[in-house]
Amino acid sequence: MPPSLRAPRGTRDLLPDERAAFARVERIARDLAARYGYRDMETPLFEQAAIFERGIGAATDVVEKELFRVSPSRGEEREAWALRPEATAGICRAYVEHGMQTWPQPVRLSLSGPMFRYDRPQAGRYRQFWQWDVEAIGDAGPAVDAELVELGARFYRDAGLPDVEILLNSIGDAACRPAYLARLVAHYRADGIHLPELERRRLETNPLRLLDSKDPAMAEVNAGAPRITDHLCPACAQHFAAVRAHLDAMGITYRVEPGLVRGLDYYVRTAFEFYRRGEEGQQQALGGGGRYDGLIELLGGKPTAGIGFALGLDRVVLALAAAGTGAPAEAVPVAVVVGADPGNTLDRLRIATDLRGAGLPVRADLAVRKLGRQLEAAVRDGAQFAVILGDELAAGEVQLRDLDGGSQKTVALADLPALLRRKVRAPGAP
RNA sequence: GUGGCCUUAGCUCAAUCGGUAGAGCAUCGGAUUGUGGCUCCGAAGGUUGCGGGUUCAAGCCCCGUAGGCCACCCCA
């Protein structure tokens with residue numbers, strides 16, 4: 001196939017099997033959001049690029065090298081837009097635009113849909129990927145932080161991934177982070193410490209990153225590095241302690257990870273990540289989130305606290321497939337209408353239509369082929385019954401054949417809907 | 001954005017030293033009149049990702065390119 005006729009790099013088709021697996025986790029997420037009082041909403045797939053540049057941070061990787069800019073072929077807004085790389089900025093834009101500060105606070109919102117980032121694809125890392133996003137805007141207290149972490153954890157458990165670790169950290173705020181960063185940089189610049197090239201560069205761009213460096217040479221240097229959790233201002237320290245107390249009270253197990261840093265500029269205080277050590281090559285960050293108390297103000301609103309998380313649905317589906325669980329239940333027709341006369345598609349379609357009109361999931365075999373082939377196809381479709389049309393149709397009767405057992409009986413056409421309705425089994429039920 | 005590995009039928013893979021591409025599964029059809037899963041027979045399906053080069057001859061060697069994957073960067 002010519003390259004030009006393939007799906008774009010980093011995108012893929014979700015064929016029915018995979019789409020069904022997605023639908024399953026989407027349904028779990030939607031049900032949970034509703035149960036926790038988070039109401040579903042949508043934002044445009046693209047926004048003014050400035051929303052992301054200002055909200056996420058112009059110097060972050062997500063904006064600097066991964067933003068999918070959109071260029072309309074004409075008009076003044078050329079190159080002013082970008083496909084959303086995450087949901088939070090757009091939701092906060094909507095919060096301000098629609099005056100949600102007048103709604104009862106906090107405003108609890110959820111959103112699920114495709115996000116776009118222009119980076120190099122790998123398994124579980126796509127240019128178009130799906131996130132389930134949950135936000136609580138307008139509550140600065142630590143309890144809501146804990147509620148969200150617990151919600152995320154419950155999602156993975158309900159989806160069928162029990163071995164998801166919760167990583168928790170506080171990254172301080174404007175009051176304490178600058179001083180800590182200065183202390184950290186001083187540590188790495190101290191005499192006698194030689195940093196690898198990559199780490200020297202990161203010291204300039206994002207010093208926190210050095211803490212979870214994968215370079216083995218850094219292990220010793222990092223062991224002596226100051227920890228942010230030891231240098232929080234009183235307000236942040238108190239908040240962090242309260243978040244942990246709430247989590248402990250709910251019996252949530254988590255690991256405080258002082259090296260945990262989120263890649264977006266808007267995060268303050270609470271940062272968390274859902275993590276799963278999977279097989280070789282598996283993307284391990286399944287989701288993450290944190291507090292963004294300054295973001296609404298940055299987007300033109302009044303100072304408003306907020307916290308949220310985004311979970312990668314692609315990675316959940318992938319992890320479920322790797323674990324061999326999450327096989328989706330698919331709707332199959334209860335019955336397939338087949339006919340003894342290969343050419344008589346008219347009666348087959350007519351009777352199937354009547355049955356569907358009666359609310360039954362029924363397929364008609366519309367191919368011109370002999371009865372044996374039709375029955376074969378019906379079995380492959382997973383149908384429970386075949387409605388066989390033959391000469392008895394003239395007398396208003398059909399053969400109803402049980403495709404599992406093989407038994408068969410003559411049934412009056414008029415009795416068929418009621419008979420089948422009793423046999424409808426829930427999709428996926430044994 | 002950096003480095004590495006891979007690419008043959010829809011899928012999973014063969015193809016000797018460079019000698020003109022094959023299997024299994026899947027699909028479709030047949031095995032005497034209106035009955036499925038098993039079995040048997042058959043058909044269709046390929047510019048060997050794409051483009052160049054070397055050679056009498058390239059799926060195989062060389063270069064480029066696209067895509068996938070892996071490790072980084074980063075993140076979901």
Side-chain angles (χ1 to χ4, degrees), chain A residues 1-12 15 56 60-66 84-88 112-133 152 196-199 201-202 205-206 209 212-215 260-264 273-276 279-289 309-319 336 338-342 344 365 367-393 398-408 410:
Chain A
M1 170 161 311
S4 59
L5 298 183
R6 289 192 292 218
R9 184 174 200 195
T11 72
R12 66 215 199 286
L15 302 186
I56 298 168
T60 59
D61 275 25
V62 167
V63 167
E64 199 164 37
K65 53 179 227 193
E66 296 172 5
R84 61 184 187 192
E86 52 99 58
T88 305
S112 115
M115 308 293 159
F116 304 85
R117 289 184 200 176
Y118 187 81
D119 56 2
R120 194 148 155 181
Q122 249 172 269
R125 204 177 70 180
Y126 307 103
R127 290 181 172 181
Q128 177 179 341
F129 57 101
W130 276 261
Q131 284 188 339
W132 175 44
D133 192 90
E197 166 59 30
L198 172 65
E199 311 302 340
R201 216 167 51 239
R202 281 204 257 189
T205 56
N206 195 346
R209 281 274 163 222
D212 65 343
S213 170
K214 294 178 181 74
D215 193 326
L260 173 63
V261 184
R262 305 288 301 155
L264 315 180
E273 212 160 84
F274 299 100
Y275 186 92
R276 179 172 185 272
E279 285 85 79
E280 190 84 13
Q282 205 162 306
Q283 298 295 326
Q284 295 169 338
L286 295 185
F309 66 64
L311 309 189
L313 299 184
D314 310 73
R315 290 181 180 178
V316 171
V317 170
L318 216 57
V336 175
V338 299
D341 176 1
N344 184 359
D365 195 318
V368 177
R369 53 182 170 185
K370 63 181 196 177
L371 182 56
R373 295 287 176 196
Q374 296 181 48
L375 286 167
E376 203 177 323
V379 169
R380 277 199 310 255
D381 256 20
Q384 292 175 85
F385 297 97
V387 174
I388 303 171
L389 310 185
D391 296 334
E392 317 90 306
L393 192 58
V398 298
Q399 299 291 323
L400 182 60
R401 183 175 180 81
D402 183 333
L403 290 174
D404 294 330
S407 63
Q408 182 171 322
T410 305

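These numbers come from the heavy atoms of this one structure, side chains and all, not from hydrogens, waters or symmetry mates. Below, read A as the first sequence line, B as the second, and so on, with proteins coming before strands; counting in each chain starts at 1.
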Asks: Give a yes/no on whether any side-chain N or O of Q122(A) is located under 4.0 angstrom from OP1 or OP2 of rA71(B).
Replies: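 Yes, within the criterion.
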
Asks: Measure distances between side-chain N and O atoms of Q374(A) and base N and O atoms of rG34(B), and say whether any donor-acceptor pair falls under 3.5 Å.
Replies: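 No such pair is found, so the answer is no.
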
Asks: Could you measure between the two C1' atoms, the one in rA66(B) and the one in rA23(B), and give it in whole Å?
Replies: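 Their C1' atoms lie roughly 29 Å apart.
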
Asks: With both distances under 3.5 angstrom, what nucleotide forms a Watson-Crick or G-U wobble pair with rC56(B)?
Replies: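 Paired with rC56(B), as far as the under-3.5 Å criterion goes, is rG19(B).
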
Asks: I'd like to know if Q408(A) reaches the base of rU35(B) with its side chain such that a donor and an acceptor end up less than 3.5 angstrom apart.
Replies: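 Counting by modelled atom types and ignoring angles, a donor-acceptor contact under 3.5 Å is found here.
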
Asks: Rounding to an integer number of angstrom, what distance separates rG3(B) and rU16(B) when you compare their C1' atoms?
Replies: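 Each nucleotide's C1' atom is 34 Å from the other's.
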
Asks: Should rC28(B) form a Watson-Crick or G-U wobble pair with both distances under 3.5 Å, which nucleotide is its partner?
Replies: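 Partner of rC28(B): rG42(B).
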
Asks: Taking only the P atom of each, what is the distance from rU39(B) to rU20(B) in whole angstrom?
Replies: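 So the two P atoms sit 34 Å from each other.
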
Asks: Would the distance check show the side chain of R315(A) and the main-chain N or O of R125(A) forming a donor-acceptor pair, the cut-off being under 3.5 Å?
Replies: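 Side chain of R315(A) to backbone of R125(A), a donor-acceptor pair under 3.5 Å: no, none is there.
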
Asks: Hey, does the side-chain of R120(A) have a donor or acceptor N/O within less than 3.5 Å of a partner on the base of rG68(B)?
Replies: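 No such pair is found, so the answer is no.
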
Asks: What distance, rounded to whole Å, do you find between the two P atoms, one in rC63(B) and one in rG29(B)?
Replies: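 Looking at atom P only, rC63(B) and rG29(B) are 48 Å apart.
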
Asks: Are E273(A) and R262(A) ion-paired here, with the side-chain N under 4.0 Å from a carboxylate O?
Replies: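 Salt bridge flag = yes for R262(A) with E273(A).
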
Asks: Rounding to a whole Å, what distance do you find between R373(A):CZ and rG30(B):P?
Replies: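 R373(A) atom CZ is separated from rG30(B) atom P by 6 Å.
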
Asks: What is the distance, rounded to the nearest whole Å, between atom CG of L400(A) and atom P of rG36(B)?
Replies: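 So the two atoms are 17 Å apart, to the nearest Å.
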
Asks: With both distances kept under 3.5 Å, what pairs with rG1(B), Watson-Crick or G-U wobble?
Replies: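 Across all strands, the one nucleotide that pairs with rG1(B) is rC72(B).
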
Asks: Report yes or no: do Q399(A) and E392(A) form a side-chain donor-acceptor pair below 3.5 Å?
Replies: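 Present: a donor and an acceptor within the cut-off.
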
Asks: On a whole-Å scale, what distance lies between the P atoms belonging to rC13(B) and rG49(B)?
Replies: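 Per the computed distance, 15 Å lies between those P atoms.
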
Asks: I'd like to know if K65(A) reaches the base of rC73(B) with its side chain, counting only an N/O donor and acceptor under 3.5 Å.
Replies: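 It does, because a donor-acceptor pair links the side chain of K65(A) to the base of rC73(B) below 3.5 Å.
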
Asks: Given atom OH of Y126(A) and atom C1' of rG67(B), what is their separation to the nearest angstrom?
Replies: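 Roughly 14 Å, once rounded to whole Å.
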
Asks: Rounded to whole angstrom units, what separation is found between the CZ atom of R125(A) and the P atom of rC72(B)?
Replies: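 My rounded result for the distance is 11 Å.
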
Asks: How many Å lie between CH2 on W130(A) and C1' on rA76(B), as a whole number?
Replies: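 Distance, rounded to whole Å: 13 Å.
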
Asks: From CE of M115(A) over to P of rA76(B), roughly how many Å is that when rounded to an integer?
Replies: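 The answer, rounded to whole Å, is 11 Å.
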
Asks: Send over the distance from F116(A) CZ to rC74(B) P, rounded to a whole Å.
Replies: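 Roughly 24 Å, once rounded to whole Å.
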
Asks: Do any side-chain nitrogens or oxygens of R12(A) fall under 4.0 Å of OP1 or OP2 in rG67(B)?
Replies: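 Looking at the OP1 and OP2 atoms of rG67(B), neither is under 4.0 Å from any side-chain N or O of R12(A).
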
Asks: Find the distance I56(A):CD1 to rC74(B):P and express it as a whole number of Å.
Replies: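 Whole-Å distance recorded here is 17 Å.
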
Asks: So what's rU47(B) paired with, Watson-Crick or G-U wobble, going by both distances under 3.5 Å?
Replies: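 Base-paired to nothing in any strand shown.
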
Asks: Determine the Euclidean distance between corresponding P atoms of rG51(B) and rG42(B); express it in Å to zero decimal places.
Replies: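 So the two P atoms sit 35 Å from each other.
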
Asks: Please determine whether any donor N or O and acceptor N or O are separated by less than 3.5 Å between the side chain of R380(A) and the base of rG37(B).
Replies: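 No.
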
Asks: If I pick the P atom on rA9(B) and the same atom on rG22(B), what distance separates them, to the nearest angstrom?
Replies: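 Those two atoms are separated by 14 Å.
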
Asks: For the P atoms, the ones on rC5(B) and on rU65(B), what distance do you get once it is rounded to whole angstrom?
Replies: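 After rounding to an integer number of Å, I get 15 Å for this pair.
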
Asks: Any strand is fair game: report the nucleotide pairing with rC6(B) by Watson-Crick or G-U wobble, both distances under 3.5 Å, or none.
Replies: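 Base-paired to rG67(B).
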
